[in-house]
Visitor: 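Handing you this structure, nothing more for now.
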Amino acid sequence: MKTTILFLAGLFILNFLPSCVSSVEKEEPSEKKIQELISKMTLDEKLGQMSQFDPFQFGNEENMKQAVRDGKVGSILNLVGAKKTNEIQKIAVEESRLGIPVIIGRDVIHGYRTIMPIPLGMAASWNSELTKKAMAVAAEEAASEGIHWTFAPMIDISRDPRWGRIAESCGEDTYLTSVMAEAMVKGFQGDDLSNPKTIAACAKHYVGYGAAEGGRDYNTTNIPEVLLRNDYLPPFKAAKDAGVATFMSAFNDLNGVPTSGNEFTLKQILRNEWGFNGMVVSDWSSITEMIQHGYAADKKEAALKALKAGVDMEMASNSYVENVQVLLDEGKIDRTTIDRYVANILRIKFELGLFDHPFTPEDAAEKTILSEKNMAVAKEAASESFVLLQNKNEILPLSKDISSVAVIGPLADAPHDQMGTWVFDGKKENSVTPLTALKQKLGPEKVHFAKGLEISRTKSTEGFSEAIKAAQKSDAVLLFLGEEAILSGEAHCLANLNLQGAQNELLDVIAATGKPVVLVVMAGRQLTIGSALEKAHAVLYAWAPGTMGGPAIADMLFGDTAPSGKLPVTFLKTVGQIPLYYNHTNTGRPATYGQWTDINKIPAEAVQHSLGNTSHYLDAGFEPLFPFGFGLTYTTFNYSELQLSSKTMGIDGSIMVSVTLQNTGRREASEVVQLYIRDRAGSVTRPVKQLKGFKKVSLKPGEKQKIDIPLNAKDLSFYNGTAYVVEPGDFDVWMGTSSASGLHGEFSIN
Ligand code: GLC
């Protein structure tokens, strides 16, 4: 008996002691500790915490070290490498008066050294678990090099592909972006920010930045509150609910008020309505840019407006450092405001464990960077990001017994460009390109390579003859076209979305050889590739696939994997259709099928109202090239038996929507079953369709599965200009393979 009791006691201690010890060891950052620290700080030290600078802004390293020593720097961005960050951190914690550690920030947007697909590609995977895994890899690699904080996820709703930063977004849809926002935040932050393998995330750019007029970066945004609350804010709320540590205010002025000085969004919504108690950092000099906006007469007024709105930390400009003392003296701000902002900053540092563990082990990087595990995640993420847009005569997958292939195009062997935009630490020598991967898979003797064009913008056709020869001596052509990494991203906006340079001409001459053409497009956005569809047999959209893009593409083209991506954005016939997105409102005269799509078929002297007075273009109709949610694979899926657990629900009720999915083809593959609804009539006009749920499932040939997606009335709430409401009424529901098709049902809220 005695032995048993001792054994049980021992078991108890072994099981529970660690958590008790860890809760003592890892004491939560008590507000008391934060307030004690603030009570000791001078104003200069407080303003130091509220300032973030890039190393180059100090002029030289000694100045940076002295500024840290003097307690004038709370955060440094773009300082990487454990050796360097530890050196600065040592000064902060051992030589500054109060020993407050600095927080190191960096744009780790879609990978650190192991580069994942661009976020638009990650969104195309519709796989939140994989996205979370990919961001966790990015966090571990970045943390191993001394980075504590990433300025990601970027969750701006993006409905204009002329805007270069659409590449960095999760696309046009509020629900998908919200799901991805949560996954990315949890990937970066894990469930314990003090874990040395996690980093603080940053929900950006708050808010409305993607609605830049004309798709020109930094441009004005005018977003009515109904649209702002229903379409642009929810992903940021999802990030906040996921526990994101920080927000970043944006560059754009929103309805006349720059978002870095906007009390309505930063105070009323973020703090008062959502109860966010993390830290807000400005974008790069976005506070002083309020002068250029014409919203502040000078740096003093810019500082005042940012402080009144609630920007805790100023990035890369010094309006706070230069003006807060005067603003305090003039009584325009009070010390409690400054102390509250400093507390927000210190809280993040405590949560990151920087006071207890300020240094990065200098051997951490070698254990994680570019590890086999990380590269496998990058390959999986790339594979699931690809969207198969066309596959005539099921030309794909190709047989590995093929005698030879021609690998042609400026993106076939472009290790830098395949990583895409917003890559600061990824190195092209680590990229595995499609050419390399195809040679490895088939044997170099089976691969005939010819670039055809040096880069995507090359206009000279001098490389065409070599490309034609390569095609002529091959059984099939794998043609890699698209855009270089530099053509998307911040400030990289385009007025023309056609393939750049002589790429369309290269496709023409290759198609003229009569060989089967598989077109792979690598780009940071949806391009207007309509003319390519007639010339290529298959089209695979690979976005910017990252370090392991090559092996992922090779595996897919030869059937080791099957495409499973779905479009996170609407593809256009022409740039003139912008803005064109699936979840639009209906207008009073919606276009219907059969509207004019070919201007040349309009009869001469046609009678004025003979063409149908509806919302469409005479020269482009009203339909997209490919709809949101579209994507093919190497098998076929059949949807049947749409069922609703009830045809009605109360305003706080829910129903289960089910459909039977069957793989009716010959290959195992994944399908993203999508659930859309339509609120037929509301107190404000409602979108013709809204994504409200999805499930990605893999089925073997012949396999059937019942897919259940719950629909809660609260998910159908919207802001109607006065309040968030769930309104009784009739609804349509669809479950299907894209936003343009699906089995239809209906239900009511009563
Ligand atoms: C840039 C971007 C922002 C980025 C920041 C720091 O201008 O707008 O997304 O995080 O500056 O690099």
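These figures come from a predicted structure and were not determined experimentally. As the structure lists them, so they are numbered: ligands from 1, and atoms in each ligand from 1.
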Visitor: Between W422 and F151, does the ring centre distance come in under 6.0 Å?
Guide: no
Visitor: Donor-acceptor check, side chain of N374 to backbone of V137, threshold 3.5 angstrom: yes or no?
Guide: no
Visitor: Regarding ligand 1, does D107 bring an N or O atom to under 3.5 Å of one of the ligand's N or O atoms?
Guide: yes
Visitor: Could you tell me which atoms of ligand 1, counted from 1 in the order shown, lie closer than 4.0 angstrom to a heavy atom of F251?
Guide: 7 (O), 8 (O)
Visitor: Considering the heavy atoms of M248, write down every atom of ligand 1 situated less than 4.0 Å from one of them.
Guide: 10 (O)
Visitor: Return the residue, atom name and 0.1 Å-rounded distance of the protein heavy atom closest to atom 1 (C) of ligand 1.
Guide: E490 OE1, 3.2 Å
Visitor: How far is atom 11 (O) of ligand 1 from its nearest protein heavy atom, and which residue and atom name does that atom have?
Guide: D283 OD1, 3.1 Å
Visitor: Is the ring centre of Y541 less than 6.0 Å from the ring centre of F386?
Guide: no
Visitor: So, regarding R165 and ligand 1 (criterion: nitrogen or oxygen to nitrogen or oxygen, under 3.5 Å), is there a contact or not?
Guide: yes
Visitor: Knowing that exactly one of D156, T259, D217 qualifies, which makes a side chain to side chain donor-acceptor pair (under 3.5 Å) with Y209?
Guide: D217
Visitor: Under 4.0 angstrom from ligand 1, any heavy atom of M154?
Guide: no
Visitor: Identify, with sequence neighbours excluded, every residue that meets side-chain hydrogen bond (donor to acceptor under 3.5 Å, both in side chains) alongside D241.
Guide: K237
Visitor: Please name all residues satisfying ring-ring contact (aromatic ring centres under 6.0 Å, His included) with Y206, sequence neighbours left out, ordered by chain then number.
Guide: F236, F247
Visitor: Near K204, which atoms of ligand 1 are under 4.0 Å from a heavy atom of that residue?
Guide: 3 (C), 4 (C), 9 (O), 10 (O)
Visitor: At a 4.0 Å threshold, what atoms of ligand 1 neighbour a non-hydrogen atom of F151?
Guide: 10 (O)
Visitor: Do K204 and W284 meet the cation-pi criteria used here (NZ or CZ under 6.0 Å from the six-membered ring centre, within 45° of the axis)?
Guide: no
